[in-house]
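Chain identifiers are assigned alphabetically (A, B, ...) following the order of the sequence lines, protein sequences preceding nucleic acid strands; residue numbering begins at 1 within each chain.
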Amino acid sequence: MNAFTNGSPTPLSDRDRTAADTPETPAAGRRWKRWAAGLAVAAPLVLGGCNFYPSYGASRGSTTQGQDTFKLYSGMMTTGIIVGGLTGLLILYTILRYKRRSETMPKQFHESIPIEILYTGIPVLIVAALFFFTVITENKVDATVPFAAKVTSTGSPVVDVKVTAFQWGWRFDYPNDNVSVSGDVTNGPQNHGPQMVLPYGQTVQVTLVSNDVIHGFYVRDFNFSRYALPGVVNVFDLNIVRAGFYPGQCTQICGLYHSEMLFSVRAVSPAQYQSWLQSEVASGHTMKRTPEPATNTPPPYDHVTHSNALAAPASKKGSL
Amino acid sequence: MTTTIESPDLIEPEEPGGPDGHGHGELAHEEAHEHHGPHGILNWLTSTDHKVIGKSYMITALVTFFLSGAMALVIRAQLANPTSSLVNFQTYNELFTMHGSLMLYLFAGPFAFGGLANYIVPLQVGAPDMAYPRLNALSYWLYLGGASMMTLSFVVAGGAASFGWVAYAPLSNSINSPGAGTDMWLMSLGLTGFSAIFTGVNLVATIFYLRAPGMTMFRVPIFSWNMLVTGILILIAFPVLFGAVVMLFCDRHFGTHIFSVQGGGVPVLWQHLFWFFGHPEVYILALPYFGIVTDIIPVFSRKPLFGYRGMVFATLSIAALSTGVWAHHMFTTGVVLLPFFSLLSYLIAVPTGIKFFNWIGTMWGGQVSFQTPMLFSMGFLFAFLMGGVTGVLLASPPVDFMTHDTYFVVAHFHQVLIGTTVFAGFAGFYFWYPKMFGRMLSERLGKLHFWFLFLGFWITFMPQYLLGLKGMPRRIADYLTTNGWTGLNQLSTVGAFIIGFSFLFFFVNLVSSWRKPVAAGDNPWDGGALEWFTSSPPPHHNFTHLPPIRSERPTWDYNHPEHRKDESHGDKRHREHEKETETVGASS
């Protein structure tokens, strides 16, 4: 972007300046306007998007919650790099500057109360600031649409999905639309496990439970994970912002096939989502075949069931 | 400073108290041979001498360390390729469970508070032995029993425990983990837990009651201070672990339902109990190693510790805070009060930062030399800085949501734990080895060990942060080619094998120090604490006489009387009487 002001001799900037210096020809004028418009759009993105929130290897988030988390992560990482980097440089400087060069005895000083207070006080301030931003982000990420808001005369604007984790697979129930999708490790890693189809641009409320041991529901691009705990119902909201395929995986060790307990999320437009629901109902992937008690009492642990499930031929969607 | 000698069994300096040795312990050394009692293996079996027990602890802990390290190499080899089949899922799960269990329960803690502390603390405070020598022996034998039981669980039917070192219920119940390996794992925790509790009692009693005349609490060296605080933390944390282990055992065998939903129990209760032990445990592991580094840096900077009192208060506040942060391991359970545990976790960064700046302040204006112990201490500073900064990130619940149970966390805690237990641990080993065995380790081999370890460390764990951010969960035995994790995993594996390779220099160093011993003298590093006043190795009851104790480094004061006037918090009132009280009688 500096090319406009200091004219660095890169091919790109030459072309830019040519465009900018000859606004009299109509074509060039349009080009100039395009560049200006592009700059106007790009500058905040570049400055605000890249420079202020470098990604540091993380996903920028495909849900609004994930984007908030990402910004917090990025800001904290920047702070960490500055503070950690300065401390590291200070250590390096000290060991190079005071490397032993003679056998003279250095001055034997013990303490300096003002300096000690300084390096106690500054970390307190940094930590207080980090905690402040943490709480703000945490409240956004953890916010869920209250139950009353979900039930309106025109139907629910919120997509309810009940996610049940089990050894070793996932079931995604859509109770409002009588659709159920599930799969387990016997499907193999093809297609990254059972798929949860969700609409983007709408609030999705996930109710997460476990049938047996503790599992971890984790989607990298959502910057989010939550345990599926037996005996506990965990509820969280996802506001997916764009269409896409988002791989997910169990993150909490849950036994032999933990490594292969994959799933994925496919985000589609609300219209595509509706037609997908209808096609699932038409295909018979309904919840009637998999009655789930309303209470959250998990079935008794039964090894035989698990080994049968593994021995069975590749189970289909909705077969569990 | 040191002299090479021909005969392997003669390990005295040719000139007692050479240029740096100041040999005030030669009298004590004669008494080393006056120890009456059985010799050889019987001596070892029946000994209640803290030095014998300390060495036994260290050797046992190092055996588990190398066993566990070998497991880590198998794990890394498995992960070098997607869908690898070097080991099957069951074996893989057993390997990472045992890797973590051996490292955390059997190496990291016992090496420091069973081994180094046992050996060094009585010497540092001028005591003839630990407060309860027989209890001390019991600690070691319980520990050896626990260590053997956990290691041997590999060979029982059903294999070793395979649920991770945290053993979350209900995966660890009798239905999901029916094998005897799990019971052996639990019993091992019971045995080593009691071993730790007894050692904790012993350390606290020794430091409170067996200090030499003149050694006020604010003259106790920081290593011993940290061991005192560690002992107190052990007394807080380990009984809770033992309680939890008993409860889980009852669930498994006696039909109770403490952690099972079916009987009205609460699985998350296990996590609360476990982490109420587990987070103090992190500091039980870390504080002794902070203490080692805090003792080493002043010696190699030829300066007193900067901010001694600040260091003590920082240690105390870390310990206090560590009992209130356990649920930061449980942020993603959705059933804990996030802001409370987040705030307390953040606050730990403050005293930890104080320690960092005190270490820097100690080197500032000093004459810093980089013998092997100091080099390892510097490795600790950088490793722990990286692990500490990423730890601050994890104190934030939303950031924890995005990284929990991924390789980001794996990288974080390995950098913290290797920074402390390996870099600082081996710093202490290289530092005190001359004291324990009266012979030096090779500087050249020690430095090679360090540089390969340092290189391997960064190559292994920096890619793991990126792997975690790219979504790789921990404790998985394989992954898909399409995940895009292959390259970083291979880099990490290369690093792990460099770490493994670095320990060859360590072994060669040990062997050559026994085949061609170089006598160490009493005080090869010009150390300041009391252990450097006596002979190397110390006689049966440690001291025949003691120097006047006027600061936290009485040996240094004794050897450098001309610089003592700079001491600002020495006991100035008594300075004029010091000539008359040049030496005081050793405690009997």
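Heavy atoms closer than 4.5 Å to chain B are found nowhere in A/Arg97, neither backbone nor side chain. Looking at B/Leu385, only its side chain comes within 4.5 Å of chain A, counting heavy atoms on both sides. Both the backbone and the side chain of B/Phe357 come within contact range of chain A, each with at least one heavy atom under 4.5 Å from a heavy atom of that chain. Using a 4.5 Å cut-off between heavy atoms, B/Phe89 contacts chain A through both its backbone and its side chain. At a 4.5 Å heavy-atom cutoff, the contact between A/Tyr93 and chain B is made by side-chain atoms alone. Both the backbone and the side chain of B/Phe306 come within less than 4.5 Å of a heavy atom of chain A. For chain A, the nearby part of B/Ala169 is the backbone; its heavy atoms alone come within less than 4.5 Å. Within the 4.5 angstrom heavy-atom criterion, only side-chain atoms of B/Asn93, from C-beta onward, approach chain A. For a residue to count as touching a neighbouring chain, one of its non-hydrogen atoms must lie under 4.5 Å from one of that chain's; by this rule B/Val368 touches chain A with backbone and side chain alike. Using a 4.5 Å cut-off between heavy atoms, A/Glu138 touches chain B through backbone and side chain atoms alike. Contacts of B/Phe96 with chain A are made by side-chain atoms alone, with heavy-atom separations under 4.5 Å and no backbone atom involved. Only the side chain of B/Val268 comes within less than 4.5 Å of a heavy atom in chain A; its backbone stays farther off.
By number of non-hydrogen pairs under 4.5 angstrom with chain B, the leading residue of A/Ile115, A/Val83, A/Thr104, A/Thr79 is A/Thr104. Interface check for chain A: of the options B/Ser301, B/Pro339, B/Gly468, B/Gly265, the most heavy-atom pairs under 4.5 Å are formed by B/Pro339. Interface check for chain B: of the options A/Val235, A/Leu72, A/Asn223, the most heavy-atom pairs under 4.5 Å are formed by A/Asn223. Between chain A and the options B/Val389, B/Thr83, B/Val399, B/Leu171, heavy-atom pairs under 4.5 Å are most frequent for B/Leu171. In terms of heavy-atom pairs under 4.5 angstrom with chain A, the leader among B/Met472, B/Met374, B/Met378, B/Lys470 is B/Lys470. Contacts with chain B were tallied for A/Thr137, A/Ile91, A/Val141; A/Ile91 has the most, counting heavy-atom pairs under 4.5 Å.
Using cut-offs of 30° and 60° for the angle between ring planes, the B/Phe408 and A/Tyr73 rings count as perpendicular.
In terms of heavy atoms, B/Gly365 sits closest to A/Pro106 at O-CB, 3.2 Å. A pairwise comparison of heavy atoms in A/Arg220 and B/Leu469 identifies NE-O, 2.7 Å as the closest pair. Closest approach of B/Thr332 and A/Arg226 over heavy atoms only: O-CD, 3.1 Å. Residues A/Leu90 and B/Trp364 come closest through the heavy atom pair CD1-CZ3, 4.2 Å. A pairwise comparison of heavy atoms in A/Asn234 and B/Gly334 identifies OD1-CA, 3.6 Å as the closest pair. Summarising the geometry of A/Thr134 relative to B/Ser342, their closest heavy-atom pair is CG2-OG, 4.0 Å, with the distance given to 0.1 Å.
Cation-pi contact between A/Lys99 and B/Phe370: absent, since separation from the ring centre below 6.0 Å together with deviation from the ring axis within 45° is not met.
Without hydrogens or angle criteria, B/Arg475 side chain to A/Gln252 main chain gives no donor-acceptor distance under 3.5 Å. Judged by distance alone, with hydrogens and angles left aside, the side-chain atoms of A/Ser225 form a donor-acceptor pair with the main-chain N or O of B/Phe401 at under 3.5 Å.
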**Study point:** Criterion side chain to side chain contact (heavy atoms under 4.5 Å, CB included) on A/His192 and B/Asn483, from CA distance to verdict
**Key:** CA-CA 10 Å; A/His192 219 274; B/Asn483 285 132; 3.9 Å; yes

Check your understanding: What do the steps show when you test B/Arg302 against A/Arg100 for side chain to side chain contact (heavy atoms under 4.5 Å, CB included), and what is the final call?
Key -> CA-CA 9 Å; B/Arg302 310 192 79 176; A/Arg100 189 173 297 180; 2.8 Å; yes

Exercise for review: With side chain to side chain contact (heavy atoms under 4.5 Å, CB included) as the test, would you mind laying out the steps for A/Leu229 and B/Gln271 before giving the verdict?
Suggested key: CA-CA 12 Å; A/Leu229 290 161; B/Gln271 293 184 35; 4.2 Å; yes

Exercise for review: Begin with the C-alpha distance, continue with both residues' side-chain angles, and end with the deciding distance and a verdict on side chain to side chain contact (heavy atoms under 4.5 Å, CB included) for B/Arg474 and A/Thr251.
Suggested key: CA-CA 7 Å; B/Arg474 67 194 287 196; A/Thr251 48; over 6 Å; no

**Study point:** Verdict with supporting geometry, B/Thr406 and A/Tyr218, side chain to side chain donor-acceptor pair (under 3.5 Å)
**Key:** CA-CA 10 Å; B/Thr406 70; A/Tyr218 168 68; 5.4 Å; no

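Interatomic distance, A/Thr87 OG1 to B/Met386 CE, rounded to the nearest 0.5 Å: 12.5 Å. Between B/Arg309 atom CZ and A/His110 atom NE2 the span is 10.0 Å, to the nearest 0.5 Å.
Just one residue in the list A/Asp142, A/Thr69, A/Asn139, A/Val135 forms a side chain to side chain contact (heavy atoms under 4.5 Å, CB included) with B/Pro398, and that residue is A/Thr69.
Checked by atom type, the side-chain pair A/Tyr227/B/His404 shows a donor-acceptor distance below 3.5 Å.
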